[in-house]
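Chain A is the first sequence line, chain B the second, and so forth, proteins listed ahead of strands; every chain is numbered from 1. We use all heavy atoms of the structure for the numbers below, so side chains are in, but hydrogens, waters and symmetry mates are not.
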Number of protein chains: 2
Amino acid sequence: MREQPPYRRFAEVLRSRIENEEWKPGERLPSRAQLAEEGGVTTDIVRRAQEWLITQGVLTGRVGSGTYVAEQRERVRVVHSPEREQAGQAPFYVDMAALGRRGTSESRTDGMVPATPDIAARLGIAEGDYCVRTSYEYLADGKPVQLLTSWEPYSITAGSLVILPETGPLAGAGVVRRMAEIGITVAEVEERPDAGHADADEAHLLGIQKGALVTRIRRTYFSDDGRAVETADIVVPSALCEIIYRFPVTR
Amino acid sequence: MREQPPYRRFAEVLRSRIENEEWKPGERLPSRAQLAEEGGVTTDIVRRAQEWLITQGVLTGRVGSGTYVAEQRERVRVVHSPEREQAGQAPFYVDMAALGRRGTSESRTDGMVPATPDIAARLGIAEGDYCVRTSYEYLADGKPVQLLTSWEPYSITAGSLVILPETGPLAGAGVVRRMAEIGITVAEVEERPDAGHADADEAHLLGIQKGALVTRIRRTYFSDDGRAVETADIVVPSALCEIIYRFPVTR
DNA sequence: TCGAATTTGTGCGTATGTATC
DNA sequence: GGATACATACGCACAAATTCG
């Protein structure tokens, strides 16, 4: 085993000082100049050590302010299972109720937008066909933990009371319940998770570091006649949410 | 919108030259010195541009050899659904059969190992209790696409013929089938996907870039009496595999 | 209210390491 | 074994954001 470079050695020094609670979660570390001085290294070594610990989730940096010990918020467990989908409310609220947390959301319907090639393929409609797009920010105990953007084909809900997902008596009821209202039975759900990094906007909305690991889920609901009735992009930050799929092994 | 830095501008130059098929997938680019010369930039700008395109999946670097246009292999679709689990073979082979590809695997049983705290918690056994650990490398048409390490409590399979997963007549049969052989009914599966990066070993085994995005799945099978009978760590590289969860919305 | 000082973040060039041919 | 090519580490300069007087 070869020797560790200076910045990694200094990172371990910082890590052990944090583990000894010299600085507690949420507290600010001394400036790079001070740490470099007392550690007998250059400020650049300190910077790289902090960079490394930031990617490890030990520290967080705030430009112009300082470097802080990361507060490890408990990860919210969201369980994706057949049972969760059948409740008369959006899946996220089912999860929060199960955890004894207060689940809320802020939504903004962007109105009708033409389908991009990707969205058209996922919904099985023609490119340019209109969809109702809605953006959500899901909060657990008031803190954001997930982002979601959904698209519904205009042709399905046109003229009905549920055309706008988050207005009227069925706000927050979830796709399954809302579609049932207009005579459509949602029978199946498909989720395609993929690893990715948070962009600047997502990081800002979620209160996490830019570039932090996220799971992006492309979810599509299908009716009993096989038509796609809704598709959504879900951003699940690894630091805040734990995703669990649970289903039976049929026999 | 502010101006792009030089390395990003040069990255776009390279990207457009690749899109114009000046260099085709799998081909080697000129050396950094040559690209820098003809582009009127420093070799460092070329290096950063290539680094950026590597993270974007456009290029791959091979130390000592050169920088190559990435060959975008078709992503293998692995569908995690209740139905897939009931077949009498390992889930991966079911996927490959559905895709018309040749699914194979290489495995190595490490024998009995004491359970780490994490594994013990997942299997509901005491820390230090013995498990049979087995490592797999799954191949599609001979190329590696997934890594898997499984742990089974020794207490469950002790004395039976299925104690070693990949020997005997039930090699490759999958956990559900093997447990059935010793009178245990596997009733439920739980999967916890999380975003991550490939370490050097994983990258080497999978033939991908170190640090490439992967989804790590912690999978556990439960018997009908609620006991955990197997748990596994699965590494799914984003560039090679597309994960799909599909299940009914029960009613 | 505003501006200067402080602190973190980004970009770049050089030197060195390491794998390949 | 030498030459070549990419990868890593480091130091410096400057930009961006915040803080505080």
Side-chain angles (χ1 to χ4, degrees), chain A residues 1-12 14 23 26-55 58-70 197-201 203-204 207-212, chain B residues 1-12 14 23 26-55 58-70 197-201 203-204 207-212:
Chain A
M1 172 133 185
R2 65 180 178 284
E3 198 176 348
Q4 291 279 320
Y7 83 95
R8 293 287 283 274
R9 295 185 62 83
F10 192 74
E12 289 314 307
L14 286 180
W23 309 293
E27 282 184 10
R28 210 200 79 165
L29 268 60
S31 73
R32 284 180 189 157
Q34 290 177 47
L35 287 172
E37 172 80 13
E38 72 182 72
V41 296
T42 66
T43 60
D44 201 59
I45 299 294
V46 177
R47 183 183 68 79
R48 284 169 204 279
Q50 290 179 340
E51 239 173 23
W52 171 254
L53 291 175
I54 285 172
T55 68
V58 176
L59 297 175
T60 62
R62 286 209 282 275
V63 51
S65 172
T67 304
Y68 298 78
V69 179
H197 293 122
D199 66 28
D201 290 339
H204 185 256
I208 58 177
Q209 293 286 121
K210 176 182 159 189
Chain B
M1 175 143 182
R2 64 180 179 282
E3 198 175 347
Q4 293 277 320
Y7 83 95
R8 292 288 282 275
R9 294 186 63 85
F10 191 74
E12 289 314 307
L14 286 181
W23 308 292
E27 282 183 9
R28 212 199 78 165
L29 268 60
S31 74
R32 286 180 186 158
Q34 290 176 47
L35 287 172
E37 172 80 13
E38 71 183 71
V41 295
T42 65
T43 59
D44 198 60
I45 300 295
V46 177
R47 202 206 80 206
R48 285 169 202 278
Q50 290 179 339
E51 244 173 19
W52 171 253
L53 291 175
I54 285 172
T55 68
V58 177
L59 297 175
T60 62
R62 285 210 283 275
V63 51
S65 173
T67 304
Y68 298 77
V69 179
H197 294 120
D199 65 28
D201 291 338
H204 186 256
I208 58 176
Q209 293 288 121
K210 176 181 161 188

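Rounded to whole Å, atom P of D:dC6 lies 12 Å from atom CD of B:Glu51. Here D:dT8 presents its C1' atom at 8 Å from OH of A:Tyr7, a figure rounded to the nearest Å. Remark: P of D:dT8 and CD of B:Gln50 are 13 Å apart, rounded to the nearest angstrom. The separation between A:Gln4 atom CD and D:dC10 atom C1' is 16 Å, rounded to whole Å. Computed from coordinates, the A:Arg62 CZ to D:dT19 P distance equals 8 Å when rounded to whole Å. Whole-Å rounding puts the A:Leu59 CG to C:dG9 P distance at 10 Å. Note: CZ (A:Arg28) to P (C:dT7) measures 6 Å, nearest angstrom. When the C1' atom of C:dT20 is taken as reference, atom NE2 of B:His204 falls 14 Å away, rounded to whole Å.
Every residue meeting the side-chain hydrogen bond (donor to acceptor under 3.5 Å, both in side chains) condition with B:Ser65, not counting sequence neighbours, appears here in chain and number order: B:Tyr68. Take B:Glu51 and apply the salt bridge (charged side-chain N to carboxylate O under 4.0 Å, His left out) test, not counting sequence neighbours, and it matches B:Arg47. Partners of A:Glu27 under the side chain to side chain contact (heavy atoms under 4.5 Å, CB included) rule, at least two apart in sequence or in another chain, are A:Trp23, A:Lys24. For B:Ile45, the side chain to side chain contact (heavy atoms under 4.5 Å, CB included) criterion is met by B:Pro6, B:Tyr7, B:Phe10, B:Val41, B:Thr42, not counting sequence neighbours.
Between A:Lys210 and the phosphate of D:dA17, there is no side-chain N or O to OP1/OP2 separation shorter than 4.0 Å. Checking the phosphate oxygens (OP1, OP2) of D:dA5, no side-chain nitrogen or oxygen of B:Ser65 falls inside 4.0 Å.
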| request: Could you walk me through whether B:Gln50 and B:Leu14 pass side-chain contact (heavy atoms from CB on, under 4.5 Å), step by step? | output: CA-CA 8 Å; B:Gln50 290 179 339; B:Leu14 286 181; 4.2 Å; yes
| task | Evaluate the side-chain contact (heavy atoms from CB on, under 4.5 Å) criterion for residues B:Val69 and B:Thr60: first the C-alpha distance (whole Å), next the side-chain angles of each, then the deciding distance (0.1 Å), finally the verdict. | result | CA-CA 6 Å; B:Val69 179; B:Thr60 62; over 6 Å; no
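Here the nucleotide nearest the side chain of B:Pro5, chosen from C:dT18, C:dG11, D:dA9, is C:dG11.
Within the structure, the salt bridge (charged side-chain N to carboxylate O under 4.0 Å, His left out) test picks out the following pairs touching residues 32-41 of chain B (sequence neighbours left out): B:Arg17-B:Glu38.
Within the 4.0 angstrom heavy-atom criterion, base atoms lie near B:Arg47.
Between the side chain of B:Arg48 and the base of C:dG13, a donor-acceptor pair under 3.5 Å is found.
Near DNA chain C, defined here as any heavy-atom distance below 4.0 Å, the residues from residues 31-45 of chain B are B:Thr42, B:Asp44, B:Ile45, listed numerically.
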